[in-house]
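What follows is a short report on a single structure.
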2 protein chains.
Amino acid sequence: MSSVFDALSHPIRREVLELLKRGGMTAGQLSDNFPVSKPTMSGHFAKLKAAGLIRGENRAGHIVYTLNLSTLEEAVMGFMNRMGISREGEAESGPETEISQ
Amino acid sequence: MSSVFDALSHPIRREVLELLKRGGMTAGQLSDNFPVSKPTMSGHFAKLKAAGLIRGENRAGHIVYTLNLSTLEEAVMGFMNRMGISREGEAESGPETEISQ
DNA sequence: ATGGTATTTAGGCATTATCCTAAATAAGGA
DNA sequence: TCCTTATTTAGGATAATGCCTAAATACCAT
């Protein structure tokens with residue numbers, strides 16, 4: 001779970017996930033969207049993959065990356081639920097702001 | 001928004017937020033829950049505060065930290081909605097996994 | 001085989017993060 | 001005022017991150 005939040009901490013990596021929302025893209029196609037070198041992008045892909053947020057699959061000399069939404073959902077929504085922010089509505093068990101001294 | 005995800009990338013900071021769910025706690029009370037020094041914890045608080053995730057208020061020689069849930073909700077749910085994971089249900093516009101070459 | 005395209009690995013460097021101890025600051029109570 | 005407690009700031013060591021260029025690898029087509 002920590003590796004998911006680590007992966008999400010970089011804006012390029014978050015944007016990669018958003019791009020993949022529409023469907024699979026190759027490493028090169030993804031890289032074209034960012035002002036950093038391809039090796040740098042490759043490092044970002046590796047981190048997203050290690051976190052289980054994307055999958056890479058070889059196809060005809062290219063590597064097609066696809067989103068793994070369920071990992072994102074489990075980690076992030078799991079945390080948000082623990083924070084009392086569920087899908088249904090606002091906070092669940094209201095924080096009473098009582099200071100236990 | 002990036003500062004929120006930065007702040008969430010450390011497990012201690014995520015756990016601090018979870019502790020504060022129940023209500024305000026002083027820096028010392030929070031620190032007692034973690035195996036690192038108080039100055040280190042102070043640094044974590046500063047980062048959470050800079051991201052707008054907690055507020056600190058002086059009270060009788062102590063500093064009481066309280067959660068700012070709305071910042072968390074806006075940043076994280078905003079991103080999740082952009083990813084097609086809304087509060088209502090699962091994915092919204094299904095990714096067709098078509099490779100645009 | 002040879003060449004070209006796509007991608008990653010290697011190596012290096014600068015910056016940032018994380019942690020520590022020691023010292024500074026702030027506030028309260030004797 | 002003086003001491004104690006609570007918290008932060010300062011300074012420093014170490015590790016991790018993010019970026020680059022150059023080189024290696026993989027794979028396809030000629």
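Numbered from 1 within each chain, the chains take letters A, B, ... in sequence-line order.
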query: So, for B:G56 and B:K49, which heavy atoms are closest and what is the spacing to 0.1 Å?
result: N-CE, 4.1 Å
field: Nearest atoms (heavy-atom pairs only) where B:R13 meets B:D6
entry: NH2-O, 3.3 Å
- request: Mind running a 4.0 Å heavy-atom check of residues 6-13 of chain A against DNA chain D and sending the residues that fall below it, in number order?
  value: A:H10, A:R13
query: Parallel under 30°, tilted from 30 to 60°, perpendicular over 60°: which one fits the rings of B:H10 and B:H44?
result: tilted
task: Could you label the plane-to-plane angle of the B:Y65 and B:F45 rings as parallel, tilted or perpendicular, counting under 30° as parallel and over 60° as perpendicular?
output: tilted
query: In terms of the nearest nucleotide of DNA chain D, which residue is placed more toward the 5' end: A:N58 or A:V36?
result: A:V36
message: Here's a test of your reading of the structure: between A:P35 and B:I63, which maps to the more 5' nucleotide of DNA chain D?
response: B:I63
Heavy-atom contact window of chain A on DNA chain C, given 5' to 3' at under 4.0 Å: C:dA6 to C:dT9
message: Over all strands shown, is A:F34 touching base, sugar-phosphate only, or nothing at heavy-atom distances under 4.0 angstrom?
response: nothing
- prompt: When you measure from every atom of DNA chain C, which of residues 38-49 of chain B have a heavy atom less than 4.0 Å away?
  reply: B:P39, B:T40, B:H44, B:K47
task: Find the distance B:D32:CG to D:dT7:C1' and express it as a whole number of Å.
output: 13 Å
To the closest 0.5 Å, what do you measure between [atom1] ([X]) and [atom2] ([Y])?
| X | Y | atom1 | atom2 | answer |
| --- | --- | --- | --- | --- |
| B:E57 | B:R55 | CD | CZ | 9.0 Å |
| B:L53 | B:S70 | CG | OG | 9.5 Å |
| B:L69 | B:L20 | CG | CG | 10.0 Å |

message: I'd like to check A:I12 versus A:T40 (side-chain heavy atoms, cut-off strictly below 4.5 Å). Are they in contact?
response: no
message: Counting C-beta onward and ignoring hydrogens, is there a side-chain heavy-atom pair between A:V76 and A:M80 closer than 4.5 Å?
response: yes
task: Say whether A:S2 and B:R14, considering side chains only, have a donor N or O and an acceptor N or O under 3.5 Å apart.
output: yes
